[in-house]
Amino acid sequence: MMNLSRIKFSVKINIILVTLVTISISASACDICGCFMGLTPYDNQSSFGLLYRYRSFSGYQGQNNYTFPKGSSFFFPKDDKTSPLTGHNNNPNDYELYRTMEVRGRYFVHRRIELNAIIPYNSNSERYNGNTSSISGVGDVNLYAGYHLIRKLAQSTFNQRLIVGAGVKLPSGKNDIKTATGIKYSALMQPGTGSTDGFVYANYLIGYKKFGMSINTSYKINGDNSEQEGIANSSTTFLNLFYTQRINKNWQVMPSVQFFYENSAGETYKGVKTGEHKMNNLMAGIGVDLYYKNIALNMGLQKNAWQAKTDHPQSSAKIYLGITYNINQLYYLLKS
C-alpha cells in the first residue's frame, strides 16, 4: 500500500488575504492576502508558525528600481521620527519599504473546516528627497475560516482540492503615529489602519504525480477609519506551479515558480477615490519549501514583471521567509 505521506502533496498556501501589513495597497506591501504559508504536505493538520515578509518600492517609471534600495534595511530598523515629511518629486533614491513579522495559527475543528489567525508586527520606512522615516508597531489582527469543498488528496496520481472561505481584519494596530514635531504620518505608513475590513477567498489545487498547480484569488472589502480614510476594495490572484521531491523518509523539498497579480484603485477619503497609490501590477519569482518531519521552512522571491503607469515609486520586489510546525492531529472537535 502506498504511503499516504508520499501522495498527499497538497499545497498549503492558504489564501489568507489577510494581512496587508499596513493594509495599504501600495505600501504595506500590498499583500492583500498575505498568502505565503508555503507549500506543505500536511493537509488537514493544525499548525503554528512565523512568517517574515518584505516588500520594496523604489525609483519612478523610467528609472532603476532595487530590491534593496541604497541605505535601506532588510530587517526591522530602529524607529526614526525626526525627519520632515515631504512630497515625492521623481528623486531616483526615493523608496518605500514594508516589513512584517507574523505569528500565524491554524486549527482544524473538522477535517474540512479550518480556523485561522494572524497577528502581525509591522515596520514601515519611506525615503523622499533624502528624508528617511521609520515607524513600527503591532498591526491589525486577521481572523478567517475556510471550508474544504473538494478534497481528493489520497490518490496515487491525480489530486485536487478546493477551499473557500471568508474573514475579517480588526483595527487593533495604531494608526495615529506622528513625527517628532507632531505631524501625523500617512495612512500607508501606519502599522494599523483603524478600519474593519472583510474578505472572501478561494484556493484551488490540482496535482498530477509530482507536479502541481495552486491558484488563489481573493476580494477584499475595505472600510474607513475614524478620520474617513480608507483603501478602495481590492483583489489579488496568486498562481503557484510546483514540483515535489522526497529526498528520504524525513526530508522533502518543493521548488516552485510563482506569479502574483494585485489590483486596487488606491486611497479614499470620505468615500471618494483620491487617485493616490493605485495598484495594478504583476510579479513573478521562485520559491522553495523544505520539510523535515513536522517542520516546514518556506522562502521565496518575486520581482516586478509588469506595472501600470504610476507617479509613485515602482513595485520592486517581495521576499518571504517562514517556519511552520505542523501538529500530528488525530482528533477533531466536529465529527464527520
Side-chain angles (χ1 to χ4, degrees), residues 11 13 15-17 19-36 39 53-70 72 74 88-100 124 126-128 188 199 201-204 213-220 222 231-242 255-268 273-288 299-320:
V11 204
I13 306 184
I15 186 108
I16 313 177
L17 282 138
T19 306
L20 228 156
V21 183
T22 73
I23 239 26
S24 15
I25 319 244
S26 74
S28 83
C30 269
D31 286 59
I32 299 176
C33 58
C35 59
F36 301 108
L39 307 172
R53 294 191 292 116
Y54 168 92
R55 181 75 184 271
S56 62
F57 296 77
S58 70
Y60 298 87
Q61 291 202 319
Q63 300 176 353
N64 293 328
N65 61 82
Y66 302 97
T67 301
F68 307 108
K70 185 178 180 180
S72 66
F74 176 67
H88 48 86
N89 192 30
N90 293 319
N91 188 317
N93 296 316
D94 288 353
Y95 64 74
E96 295 178 4
L97 301 178
Y98 301 90
R99 316 167 190 85
T100 183
N124 304 325
E126 65 178 18
R127 180 182 177 87
Y128 283 110
L188 300 182
F199 55 86
Y201 68 91
N203 165 231
Y204 179 68
M213 177 189 77
S214 176
I215 184 168
N216 307 268
T217 187
S218 65
Y219 186 75
K220 192 163 181 294
N222 298 311
I231 300 295
N233 295 347
S234 53
S235 63
T236 62
T237 298
F238 184 78
L239 173 65
N240 193 64
L241 306 174
F242 64 92
S256 59
V257 177
Q258 305 168 348
F259 301 90
F260 179 76
Y261 174 74
E262 56 192 342
N263 183 277
S264 171
E267 299 176 46
T268 64
K273 297 175 184 176
T274 66
E276 288 292 303
H277 285 100
K278 292 181 179 180
M279 288 297 294
N280 184 14
N281 72 281
L282 173 69
M283 305 188 79
I286 57 175
V288 63
M299 61 190 72
L301 165 66
Q302 298 174 20
K303 294 283 289 182
N304 199 54
W306 173 85
Q307 181 172 354
K309 185 177 180 180
T310 176
D311 61 352
H312 285 268
Q314 304 174 86
S315 173
S316 301
K318 179 188 300 182
I319 298 174
Y320 66 91

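Residues take their numbers from the sequence shown, with the count starting at 1.
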For S72, check side-chain hydrogen bond (donor to acceptor under 3.5 Å, both in side chains) against everything at least two apart and list the hits.
none
H312 NE2 to D94 CG distance, which is reported to the nearest 0.5 Å:
11.0 Å
Mind checking side chain to side chain contact (heavy atoms under 4.5 Å, CB included) for N65 and listing every partner two or more places apart, or none if nothing turns up?
S58, Q314, S316
What's the separation between atom CG in N281 and atom OG1 in T310, rounded to the nearest 0.5 Å?
9.5 Å
Between P313 and Y128, what is the shortest heavy-atom contact and its length?
CD-OH, 3.6 Å
Is the backbone N or O of N91 less than 3.5 Å from a side-chain atom of N89, with the two atoms forming a donor-acceptor pair by type?
no
Any side-chain donor near an acceptor of the partner, K278 and N280, under 3.5 Å:
no
Hey, is the main chain of E267 close enough, under 3.5 Å, to the side chain of T274 for a donor-acceptor pair?
yes
Taking E262 first and then R55, would you say they form a salt bridge - that is, a charged N and a carboxylate O separated by under 4.0 Å?
yes
Residue pair M279 / Y261, side-chain heavy-atom distance below 4.5 Å
no
Taking only residues two or more places apart in sequence or in another chain, which ones pass side-chain hydrogen bond (donor to acceptor under 3.5 Å, both in side chains) with Y204?
Q160
The reported gap from CZ in F199 to OG1 in T236 (rounded to nearest 0.5 angstrom) is 10.5 Å
From K318 NZ over to Q302 CD, what is the distance, rounded to the nearest 0.5 angstrom?
5.0 Å
Donor-acceptor pair, S256 side chain versus Q258 backbone, under 3.5 Å?
no
According to side chain to side chain contact (heavy atoms under 4.5 Å, CB included), who are the partners of T67, at least two apart in sequence or on a separate chain?
Y54, K303, A317, I319
N203-S214 side chain donor-acceptor pair, cut-off 3.5 Å:
yes
Side chains of Y98 and E96: do they bring a donor and an acceptor to under 3.5 Å?
yes
Just how far is it from atom CZ of F238 to atom CG of N216, taken to the nearest 0.5 Å?
7.0 Å
Which heavy atom in L188 sits nearest to a heavy atom in I231, and how many Å separate them?
CD2-CD1, 4.0 Å
Is any side-chain heavy atom of N263 less than 4.5 Å from a side-chain heavy atom of S234?
no
Listed partners of L239 passing side chain to side chain contact (heavy atoms under 4.5 Å, CB included), at least two apart:
M213, I215, L241, F259
Full working for side-chain hydrogen bond (donor to acceptor under 3.5 Å, both in side chains) between N93 and Y95
CA-CA 6 Å; N93 296 316; Y95 64 74; over 6 Å; no
Between the side chain of N233 and the main-chain N/O of N222, is any donor-acceptor distance below 3.5 Å?
yes
Set of residues satisfying side chain to side chain contact (heavy atoms under 4.5 Å, CB included) with respect to D311, sequence neighbours excluded
H88
Distance (rounded to the nearest 0.5 Å) between T237 OG1 and Y201 OH:
15.0 Å
Over all atoms of both residues, closest heavy-atom pair of Q307 and S315:
OE1-N, 2.9 Å
